[in-house]
2 protein chains.
Amino acid sequence: MKQAEIKRAFEGYLRRRSLKLTTQRARIFDRAFATHEHFSAEVLYDWLSKEPGVKVSRATVYRTLSLLQDGRFMKSLDVGRGEMVYEHVLGHGHHDHMVCTDCGRIEEFHDERIEDLQLEAARKKGFEIVSHDHRLIGYCRSCSAKRKKDATAAHVSRAAAAS
Amino acid sequence: MKQAEIKRAFEGYLRRRSLKLTTQRARIFDRAFATHEHFSAEVLYDWLSKEPGVKVSRATVYRTLSLLQDGRFMKSLDVGRGEMVYEHVLGHGHHDHMVCTDCGRIEEFHDERIEDLQLEAARKKGFEIVSHDHRLIGYCRSCSAKRKKDATAAHVSRAAAAS
DNA sequence: TTTACTGCAAATTCTTTGCAACAAC
DNA sequence: GTTGTTGCAAAGAATTTGCAGTAAA
């Protein structure tokens, strides 16, 4: 497990900028890295409120998430639901996302060929890429299957009603 | 010019859904299609407020933009600045965007090979794509050039100061 | 005349901030 | 002791909504 290692990096990061390692920050850090799912600030706040430990306010959650992003310990992504979603950068490198509109599930994908084509497109326009945002919106495997089943059921019942 | 044609389509769209073609809606439609740039709801509202014509409230601007999206006359895109940006769908097909963080300029690009690779990625995960969002964030040609010049100037002046 | 639409202001949602009390260092 | 942090509640920013009056059809 390299979570201990990255936590040390976080502590060093704070020290270097003369920031303090408060119990709240430690708790937020631990909780955020304890999950491998994506979560919103509100969800993280809920977890912290329900689980035992020092009180952490919503404001501190937001402030610490910004801090973690500045230090490149976490990334935020806009999945188009009005709220930001966070993920830690423990290990896994760059990737893009597929967001299920039904259940909210987020899948990751990566294709180096797409990255290359992006660079090519940017070069053509003289554009200097700093970052990019690429997400596919639709239905994950299980929601897609469910929808197809429902559509079929509806079709059958319509046919029955018409007969 | 096919703007007249698409306007008729909009009128038909309203009629079919027993909605009314109010002077406000007509004005918003005309103004939105009169530009080939991307704009936010607020900017459109400003245009309408300053230019002569019937009064249009902010609420109506928002409501009409939603309506235009529902009817596929316009698309909205989230450029990551907290507000939505709109573009009409007059003619030009699907494309993605490059957003300049310095000047806000938005460039369009399209590469069918990227579209294919997206489909391939989705297929692998059993994901059913409904839409996607792909944007490159960085500096447009002129802002990029300006930044490079500034960086060089700063470097030169630092060197001079140190000597 | 009926039904939809508009403007207004209040409400919402997510996120940020000012400030006084407080905890790291 | 300093200096940075926290919690709270108020402030923001973009967008939506309830309602009473107004204008299309």
Side-chain angles (χ1 to χ4, degrees), chain A residues 7-8 10-32 38-49 53-71 74-86 104, chain B residues 7-8 10-32 38-49 53-71 74-86 104:
Chain A
K7 178 126 185 219
R8 240 169 290 123
F10 178 49
E11 291 168 14
Y13 176 77
L14 292 175
R15 211 168 305 117
R16 247 172 288 122
R17 325 217 324 186
S18 0
L19 299 177
K20 291 168 181 172
L21 178 62
T22 60
T23 44
Q24 283 84 342
R25 282 181 181 161
R27 214 183 145 211
I28 292 171
F29 181 96
D30 291 341
R31 192 57 188 84
H38 294 78
F39 55 83
S40 64
E42 188 64 28
V43 164
L44 177 53
Y45 173 70
D46 276 356
W47 288 341
L48 294 167
S49 303
V54 281
K55 186 202 169 90
V56 177
S57 70
R58 206 177 250 103
T60 298
V61 169
Y62 277 102
R63 285 190 278 233
T64 305
L65 284 172
S66 299
L67 186 63
L68 288 167
Q69 278 188 89
D70 289 348
M74 306 211 92
K75 282 188 176 177
S76 67
L77 60 136
D78 185 347
V79 291
R81 296 197 155 198
E83 61 181 8
M84 283 304 190
V85 160
Y86 298 83
Chain B
K7 178 128 186 218
R8 237 168 292 121
F10 178 49
E11 291 168 14
Y13 176 76
L14 293 175
R15 211 169 303 118
R16 245 172 288 122
R17 324 219 322 188
S18 0
L19 300 177
K20 291 169 181 170
L21 178 62
T22 61
T23 45
Q24 284 82 344
R25 282 180 182 163
R27 213 183 145 210
I28 291 171
F29 181 95
D30 291 341
R31 191 58 186 82
H38 294 78
F39 54 82
S40 65
E42 188 63 27
V43 164
L44 177 54
Y45 173 71
D46 276 357
W47 289 340
L48 294 168
S49 302
V54 281
K55 187 203 170 93
V56 178
S57 70
R58 206 177 249 103
T60 297
V61 169
Y62 277 102
R63 285 189 278 232
T64 304
L65 284 172
S66 300
L67 186 63
L68 287 167
Q69 277 188 89
D70 289 348
M74 306 209 92
K75 282 188 175 176
S76 67
L77 61 136
D78 185 346
V79 292
R81 298 195 154 199
E83 60 181 7
M84 283 304 190
V85 160
Y86 299 83

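Quick caveat, the model's predicted, so the values are computed rather than measured. Lettering follows sequence order; numbering is per chain, from 1.
Rounded to a whole Å, the OH atom of A:Tyr62 is 12 Å from the P atom of C:dT13. In this structure, the CE atom of A:Met84 is 14 Å from the C1' atom of C:dT16, given to the nearest Å. A straight line from CZ of A:Arg81 to P of C:dT15 spans 14 Å, rounded to a whole angstrom. For the pair A:Glu42 CD and C:dT13 P, the interatomic distance rounds to 11 Å; values are reported in whole Å. For A:Glu83 and C:dT15, the CD to P distance is 6 Å, given to the nearest whole Å. Between B:Arg25 atom CZ and C:dG7 atom P the separation is 11 Å, expressed in whole Å.
Nearest-nucleotide mapping onto DNA chain C: of B:Gln24 and B:Lys20, the residue sitting toward the 5' end is B:Lys20. Across the interface with DNA chain C, nearest-nucleotide mapping of B:Leu14 and B:Ala59 shows B:Leu14 to be the residue nearer the 5′ end.
The B:Thr60 side chain lies nearest to C:dT6 when the options are C:dT15, C:dT6, C:dT17.
Think of the region where chain B sits on DNA chain D: with heavy atoms and a 4.0 Å cut, that region ends 5' and 3' at D:dA14 to D:dA25.
Donor-acceptor pairing under 3.5 Å is recorded for the side chains of A:Arg17 and A:Tyr13. Side-chain contact annotation: B:Gln24 with B:Thr60, donor-acceptor N/O pair under 3.5 Å absent.
Note on A:Arg63: a base of the nucleic acid sits closer than 4.0 angstrom, heavy atoms only.
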Using Watson-Crick and G-U wobble pairs whose two distances are both under 3.5 Å, how do you write the pairing of DNA chain D as dot-bracket, with | for links to another strand?
|||||||||||||||||||||||||
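B:Arg25 places a side-chain N or O within 3.5 Å of a backbone atom of B:Lys20 that can act as its donor or acceptor partner.
A:Ser40 has no side-chain polar atom (N or O) that falls below the 4.0 Å cut-off from OP1 or OP2 of C:dC14.
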